[in-house]
Chemist: 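Can you read through this structure? Questions will come right after.
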There are 2 protein chains.
Amino acid sequence: MTEAVSRPTLEAVAARAGVSRATVSRVVNGGDGVREPLAERVRQAVAELGYVPNQAARSLVTRRHDAVAVVIAEPETRVFADPFFALQLRGISKELTAHDNQLVLLLTEGRDDHARVARYLAGGHVDGALVFSLHLDDPLPGLIHQVGVPTVFGGRPGWSDDGGAGGPTRATRTGRGPGPGVVYVDCDNRGGARVAVRHLVDLGRRRVAHLTGALDQTSAVDRLDGYRDVMGEVPGGNDPRLVVESDFTPSGGERAMRELLDRCPDVDAVFAANDLTALGALRVLRASGRRVPEDVAVIGFDDMLPVAEEADPPLTTVRQDIEEMGRLMARLLLRGLADGRDRTGASANPPPAGVILPTTLIRRTSA
Amino acid sequence: MTEAVSRPTLEAVAARAGVSRATVSRVVNGGDGVREPLAERVRQAVAELGYVPNQAARSLVTRRHDAVAVVIAEPETRVFADPFFALQLRGISKELTAHDNQLVLLLTEGRDDHARVARYLAGGHVDGALVFSLHLDDPLPGLIHQVGVPTVFGGRPGWSDDGGAGGPTRATRTGRGPGPGVVYVDCDNRGGARVAVRHLVDLGRRRVAHLTGALDQTSAVDRLDGYRDVMGEVPGGNDPRLVVESDFTPSGGERAMRELLDRCPDVDAVFAANDLTALGALRVLRASGRRVPEDVAVIGFDDMLPVAEEADPPLTTVRQDIEEMGRLMARLLLRGLADGRDRTGASANPPPAGVILPTTLIRRTSA
DNA sequence: GTGAAAGCGCTAACAA
DNA sequence: TTGTTAGCGCTTTCAC
């Protein structure tokens, strides 16, 4: 673990090139307005000295950091059970890199960390933030919004824009539509659910059940809504016994599936809120002697690999383009930052409140 | 996406508290050498004004950033197939947070990004780096080592310390023991493999095969070595047909298992290089009409959830404490940084070259 | 123990 | 087009 040595400064480069610091600065930052022979001399000096600008000094005067925070709320535990997280991060990283921005990762471990995150964001260390937190009662999005740092949310934040004085949080749990001015990116949970359920109905299934996700997350709520959208139009589709609450986990899926079989032994199709839930359901169905998809068709959500592919039978599921979501979040944020800087067409190019990415049904064997 | 407002400076706090900037600075940074009544006045002013130090200004003079880069080489694709990545990051994040350090995430997408990463690290934006790259021929670790930024590697880097002038890379592929002065954290791949294989042998199995991982990764090489350690002592254990090269993927596992059954139909146990490989093996075994574990016992590696738990039958496997690995990496780096700063006992407390974390055998059903 | 003053390396007016 | 200059906000000697 060697110690880094002191690096050459602008001054040094200027001396070597026989020009002023200002000129070097110009060349280093794009180089407009410097005549070619000079610019070339400077570039040479930069190369020879291995000059790298000191970001701290630069930030001090520009008040910009070319850095973006990515805040991931730990309770979002799915994050540790599937590559969702990694893919999203990859998308974000690609986009940020393409625009010479750095990614500062902030993982939060419960409420105690909220203050820390808020302080960090308020501290002006980064130009903006990308925030993941999909729980209805999570105060973090509200807190961050109050801090006033440009932010794009990942997943529809389940929080209404009623302010809250920054105290113990007054975020409400309406769970419908974030307040105005809130930018977020989400996949079409509701539409995806509709397609899945419609697919089951088109297959001729009439007793289509839904094992929900954790209903304190907007994605679970939206998928349930999508299910209801379709089932509301199907004769007998409104049977409340067909909906069993679960929690996005395999064991939760098992439990829910067992309860479902108790309530409705005649069920002939199951739309599970995610692939993990479907996995639990599959196991219970198998144990109960039912064949999938012959007796009961099953559809999941997420297309979580390798789970969906390796399931027995391979899972038909709803795929979302996770990496693209990440990329889009970053793009929206950077665009917003750019607009904010050249305070010209800021309002001419207002960021959309919510961007919803499409989903696709991936047909495998289970439905 | 509101614009952040300008924040109060040290100057402002000093004015409000009726002291000098120096005094405020002292209080803000630990507060030794300031008499209590004064210190209290300062703290009050800080609170009232909501003062947050400007990190850029601070870094400019201290030449420290309280930030650490985490470099993850994309080819390390396992990262996107299981929560390994997330867990490690969580461990790192916890440790860094506990020491008020920020985490700058650098994801690399092939060779083109190497220069970018090297430049960033050389640019002195961070105090140190945690680097993941377990491929034998990856030039990145060598590059980074040359840059001279304090670094701890995740996983034994498969690269020898022969310098290399920084050009197109002269990293060699010896793949044994990183050069001196290289700090890394790894799990006990070799020991874990030994325990797994020993377990199979103790079960009475005599034809124990190994489906390797991608042998350009040190972890795969080490696990193979562990397998050989044990099999070398078992009568008939040296049969080379029992080792089939694979690549850490389910489909690779299938392919390898098929080949294995061709070569050695009498195989009665399989140690797969990871859980995904085991998954593929399980499927082929089932298709071949063999029962697991009665006819063929199977052990995986990683304890990758939910794959291992949800496998059919649930997978016996070797678990590593991934989060702890991350935490340890961060701890080693921060300790090294601290030692480097108060240039006193630097050599009195030399960081160990490699820290190997233990593994545990998790017994489920498959063996 | 406390304050005054000198920069850290850079950018951005403003002059030339 | 190029150079000169004045800070950005902070820490850190060095006097007091």
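These figures come from a predicted structure and were not determined experimentally. Chain identifiers are assigned alphabetically (A, B, ...) following the order of the sequence lines, protein sequences preceding nucleic acid strands; residue numbering begins at 1 within each chain. As a basis for the values below, the full set of heavy atoms in this structure was taken, side chains included, without hydrogen atoms, waters or symmetry mates.
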Chemist: Check whether any side-chain nitrogen or oxygen of A:Thr62 sits under 4.0 Å from OP1 or OP2 of C:dT11, and answer yes or no.
Modeler: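 So the side-chain polar atoms of A:Thr62 never come under 4.0 Å of the phosphate oxygens OP1 or OP2 of C:dT11.
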Chemist: Measure distances between side-chain N and O atoms of A:Arg63 and base N and O atoms of D:dG9, and say whether any donor-acceptor pair falls under 3.5 Å.
Modeler: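 Answer no: no donor N or O sits under 3.5 Å from an acceptor.
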Chemist: By nearest heavy atom, map A:Leu38 and B:Ser25 onto DNA chain D; which one lands nearer the 5' end?
Modeler: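 First, find each residue's nearest nucleotide; the 5'-ward one identifies A:Leu38.
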Chemist: It should be established whether A:Ser20 places a side-chain nitrogen or oxygen under 4.0 Å from OP1 or OP2 of nucleotide D:dG3.
Modeler: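 For D:dG3, OP1 or OP2 has a side-chain N or O of A:Ser20 closer than 4.0 Å.
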Chemist: To the nearest Å, give me how far apart CG (B:Leu10) and P (C:dA4) are.
Modeler: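 Spelled out: CG on B:Leu10 to P on C:dA4 is 14 Å.
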Chemist: Does B:Asp113 come within less than 4.0 Å of B:Arg111, counting only side-chain N to carboxylate O?
Modeler: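 Salt bridge absent between B:Asp113 and B:Arg111.
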Chemist: Nearest whole angstrom, please: distance from the P of D:dG9 to the CG of B:Leu49.
Modeler: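 So the two atoms are 14 Å apart, to the nearest Å.
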Chemist: State whether A:Asn29 places a side-chain N or O below 4.0 Å from either non-bridging phosphate oxygen (OP1 or OP2) of C:dT11.
Modeler: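 So the side-chain polar atoms of A:Asn29 do come within 4.0 Å of the phosphate oxygens OP1 or OP2 of C:dT11, strictly under.
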Chemist: Quick one: is C:dG3 close enough that its OP1 or OP2 comes under 4.0 Å of any side-chain N or O from B:Thr23?
Modeler: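 For B:Thr23, the contact criterion (side-chain N or O under 4.0 Å from OP1 or OP2 of C:dG3) is met.
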Chemist: Return yes if the base of D:dG9 and the side-chain atoms of B:Arg7 contain a donor-acceptor N/O pair under 3.5 Å, otherwise no.
Modeler: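 Not at all, since no donor on one side and acceptor on the other fall under 3.5 Å apart.
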Chemist: Expressed as a whole number of angstroms, how long is the span from B:Leu60:CG to D:dC8:C1'?
Modeler: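 It is 9 Å, rounded to the nearest whole Å.
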Chemist: Write down the distance between CD (A:Glu11) and P (D:dT5), rounded to a whole number of angstrom.
Modeler: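 Rounding to the nearest Å, CD of A:Glu11 and P of D:dT5 are 13 Å apart.
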Chemist: Please tell me if B:Arg35 has a side-chain N or O lying less than 4.0 Å from either OP1 or OP2 of C:dG1.
Modeler: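 No, no such contact exists.
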Chemist: Nearest-Å distance, CG (A:Asp32) to C1' (C:dT11)?
Modeler: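 In whole Å, C:dT11 C1' lies 14 Å from A:Asp32 CG.
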Chemist: Should B:Glu11 and B:Arg16 count as an ion pair when the cut-off is N to O under 4.0 Å?
Modeler: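 A salt bridge is absent here (no side-chain N lies under 4.0 Å from a carboxylate O).
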Chemist: Are B:Glu36 and B:Arg43 within salt-bridge range, i.e. N to O under 4.0 Å?
Modeler: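 Yes, this pair counts.
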Chemist: In terms of relative ring orientation, are A:His125 and A:Tyr120 parallel, tilted or perpendicular, with 30° and 60° separating the classes?
Modeler: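 Rings of A:His125 and A:Tyr120: parallel, as their planes differ by under 30°.
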Chemist: Round to the nearest Å and state the distance from B:Arg21 atom CZ to D:dT12 atom C1'.
Modeler: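 Atom-to-atom, B:Arg21 to D:dT12, this comes out as 11 Å.
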Chemist: Can you tell me whether the side chain of A:Arg26 and the base of C:dT11 have a donor-acceptor pair closer than 3.5 Å?
Modeler: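 Counting by modelled atom types and ignoring angles, no donor-acceptor contact under 3.5 Å is found here.
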Chemist: Where the side chain of A:Asn54 is concerned, which of C:dT11, C:dC8, C:dC10 is the nearest nucleotide?
Modeler: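 Of the options given, the side chain of A:Asn54 lies nearest C:dC10.
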Chemist: Within this structure, what is the CG-to-P distance between B:Asp66 and D:dC10, rounded to whole angstrom?
Modeler: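 Distance, rounded to whole Å: 15 Å.
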Chemist: What's the NE2-P distance between A:His125 and D:dG9, to the nearest Å?
Modeler: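 It works out to 14 Å between those atoms.
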Chemist: As a quick check of understanding, evaluate side-chain contact (heavy atoms from CB on, under 4.5 Å) for A:Thr97 and A:His99, giving each step before the final call.
Modeler: CA-CA 5 Å; A:Thr97 296; A:His99 294 274; over 6 Å; no
